[in-house]
Amino acid sequence: MVLRGRRIVLGVTGGIAAYKAVEVCRRLVDAGAHVSPVLTDGAQRFVGAATFSALASEPVQTSLWDEVSPIPHTRLGQNADLIVVAPATAKVISDLRTGRSHDLLTATLLATRAPVVLCPAMHTEMWEHPAVQENLEVLASRGVHIVPPEEGRLAGGDVGAGRLADPATIVAAVERVLGPNDLAGQKVLITAGGTREAIDTVRVLTNRSSGKQGYALAAEAAHRGAQVTLVTTVDRPVPPGVATVVEVASTADMQEAVVPVAAEHDVIVMAAAVADFRPAKAADRKIKKADGLSSIDLEPTHDFLVDLGVAKPSGQVLVGFAAETDDVLDNAQDKLCRKELDLIVANDVSAPGAGFEHDTNAVVIIGPDGVVQTVELTGKRQVARAVFDAVVALQQRPTS
Ligand code: CTP
C-alpha cells in the first residue's frame, strides 16, 4: 500500500553488493512502486544493466548523454518520490556531501527535493574511516536517511561491518521514509502563520504565531502522499513535496486565497492564527509621530472558517485550531459546534513549551463525539502526525 504508485529512483553504485540491489529492485516493483534504475559505470562492472531493465518499471539509465531527453537528471530528480542508493560507495557518499555532480546518479541526487536513502556498503576499514563517518554525519544532518551496513562476510573473504543491509531492511526503510501514503490522491489545504492587519503603510497589528505548526502539518500531509496547498503569512523553507504555496498577509487576503478553492479540497486545516480585529481604516501613508495617535479604531474581521463550515461539501474534513488561554476544552468544543467543524485542535497557548513560536506543542484533538486524542508536549511534527491520524480515522469511519 505504502509503495503503490510511488516513483522511486534506485541508484546502484560500484560495489560487490550491487548484485543485491537486484533483489531490492524486485521487491520494490512487487510492492507496486514505479522503479527507475540508474547505474553508475562502476555498478556496471559488477552487475549487468539488462538484469535491472528486465525487472524494473523502466529501462536502466546510465548516462547524462545517452537519452532522448537532454536533461534526464532533472526529469528523474523532480519526478521521484524517493531516491534510494544501494549500495552506496564511499565515493557517492563523498560526492553527495560536497555537491559534486559528475554522472547521471550524482546529478540526479542534486536535482531532487525528494527524500534520499543511502545504503552504504564497503570494507570495514573504509566504513570506519573518519572521513566516511563525517560525510555521513553531515548528510544525516541535512535530512538524508542512512541505512547502516551490517556485520558479515565481505568481498575477498573478510568479515566485519560494511555488508549492505538486507534487501528487506532497505525496503522497510524506504516504506518508513515515504510514510503511510494514506492521503494519496487527496488535496489538502493548510493555513499557517498569524495574519497582519495594516495600521498604515508600514505598521501592522499581528500576533505571535510563527507558522511552525502549519508548516509541520504541510510537511506531514505531503509525506502522506497528499497534494498540499499551503496558504501562509510567513516566509519559511517550503517543506519537501508541498505542491503550492500562496503567500498572504491579512485576514481578507487569506480568505480570498482559501474560500474560492475550498470546495475542491478533501481536507482543510485552518492552523493560521487569524486576527479577530483589524484597524477600521488603514492610513495610506506612514502616520508621523508628530500627527499623534492616541487610539486605533478596530472592526471585526470576517470569520471565514464559519463560511467554510456552512458550505462544506460532503466528505470534506474541516479542521480548526483553537488557541486558548482559559477553559481550553470548553472553548474549543464550543468552536467545533459553532463553526461546524469535523475536528478541532485545542491549544493551550499559555502552557510552557506549547503554542506560538515554540518548536514543541501540546494539544487536545476533539471530534464531534468528544476528545479523540490528547497529545502531550512533543515536536510540532508529531502533533501534525496525530492530527492527520485523526483525519484519516474520520475518513475511514464507516458511514451510517
Ligand atoms: N478563524 C478564521 N477567521 C477568523 C478567525 C478565526 O478562519 N476571522 C479560524 C482560525 O484559523 C482557527 C479557528 O477559526 O482555525 C479558531 O480561531 P480562534 O481565534 O481560536 O477563535 P475565534 O473564533 O476567533 O474565537 P476567540 O477569539 O473568541 O477565541
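When a ligand or atom number is given, it counts from 1 through the structure's own listing order.
- Using a 4.0 Å cut-off between charged side-chain N and carboxylate O, Lys288 and Asp291 make no salt bridge.
- For Ala275, every heavy-atom contact with ligand 1 shorter than 4.0 Å involves the backbone, none the side chain.
- The closest side-chain donor-acceptor pair between Thr51 and Tyr19, if any, does not fall under 3.5 angstrom.
- Shortest contact from atom 25 (O) of ligand 1 to any protein heavy atom: Lys335 CE, 3.4 Å.
- Considering both main-chain and side-chain atoms, Ala271 never comes within under 3.5 Å of ligand 1 through any nitrogen or oxygen pair.
- A single hydrophobic cluster is not seen to contain both Leu298 and Phe304; linkage of ILVMFWY side chains at heavy-atom distances under 4.5 Å, directly or through other members, places them apart.
- Contact between Met254 and ligand 1 is absent, with no heavy atom of the residue lying under 4.0 Å from the ligand.
- The protein heavy atom nearest to atom 11 (O) of ligand 1 is Ala272 O, 2.9 Å.
- Among protein heavy atoms, the minimum distance from atom 9 (C) of ligand 1 is reached at Leu305 CD2, 3.6 Å.
- When hydrogens are left out, the protein atom nearest atom 4 (C) of ligand 1 is Val274 CG1, 3.4 Å; that is the closest non-hydrogen contact.
- With ligand atoms numbered from 1 in the order given, ligand 1 contributes 7 (O), 11 (O), 12 (C), 15 (O) to contacts under 4.0 Å with heavy atoms of Met270.
- Asp297 and Lys281 are not joined by a salt bridge, as no carboxylate oxygen comes within less than 4.0 angstrom of a charged side-chain nitrogen.
- For ligand 1, the polar-atom distance check against His302 finds a nitrogen or oxygen pair separated by under 3.5 Å.
- Under the 4.5 Å side-chain heavy-atom criterion for Ile, Leu, Val, Met, Phe, Trp and Tyr, Val375 and Leu394 are members of the same hydrophobic cluster.
- Results of the side-chain hydrogen bond (donor to acceptor under 3.5 Å, both in side chains) test with Asp307 over Lys339, His302, Lys312 single out His302 as the only residue that passes.
- At a threshold of 4.0 Å, the pair Glu23-Arg26 counts as salt-bridged, since one of the basic side-chain nitrogens sits closer than that to a carboxylate oxygen.
- When the side chains of ILVMFWY residues are joined at heavy-atom separations under 4.5 Å, either directly or via intervening members, Val144 and Val85 end up in a single hydrophobic cluster.
- Both Leu118 and Met126 belong to a single network of hydrophobic side chains, linked directly or stepwise wherever heavy atoms of I, L, V, M, F, W or Y lie under 4.5 Å apart.
- The protein heavy atom nearest to atom 3 (N) of ligand 1 is Asp303 OD1, 3.3 Å.
- In terms of hydrophobic clustering, with Ile, Leu, Val, Met, Phe, Trp and Tyr side chains grouped at heavy-atom distances under 4.5 Å, Val259 and Val267 are assigned to different clusters.
- The atoms of ligand 1 that sit less than 4.0 Å from any heavy atom of Thr301 are 8 (N).
- Among protein heavy atoms, the minimum distance from atom 12 (C) of ligand 1 is reached at Phe321 O, 3.0 Å.
- Nearest to atom 22 (P) of ligand 1 among the protein's heavy atoms is Lys339 NZ, 3.7 Å.
- Protein non-hydrogen atoms do not reach within 4.0 Å of atom 28 (O) of ligand 1.
- Look at Gln255 and you'll find every heavy atom at least 4.0 Å from all atoms of ligand 1.
- Taking only non-hydrogen atoms, the option from Asp276, Thr195, Leu341 nearest to atom 19 (O) of ligand 1 is Asp276.
- The ligand atoms of ligand 1 that sit less than 4.0 angstrom from a heavy atom of Gly320 are 15 (O).
- Salt bridge absent: Arg397 and Asp342 never bring a charged side-chain N and a carboxylate O closer than 4.0 Å.
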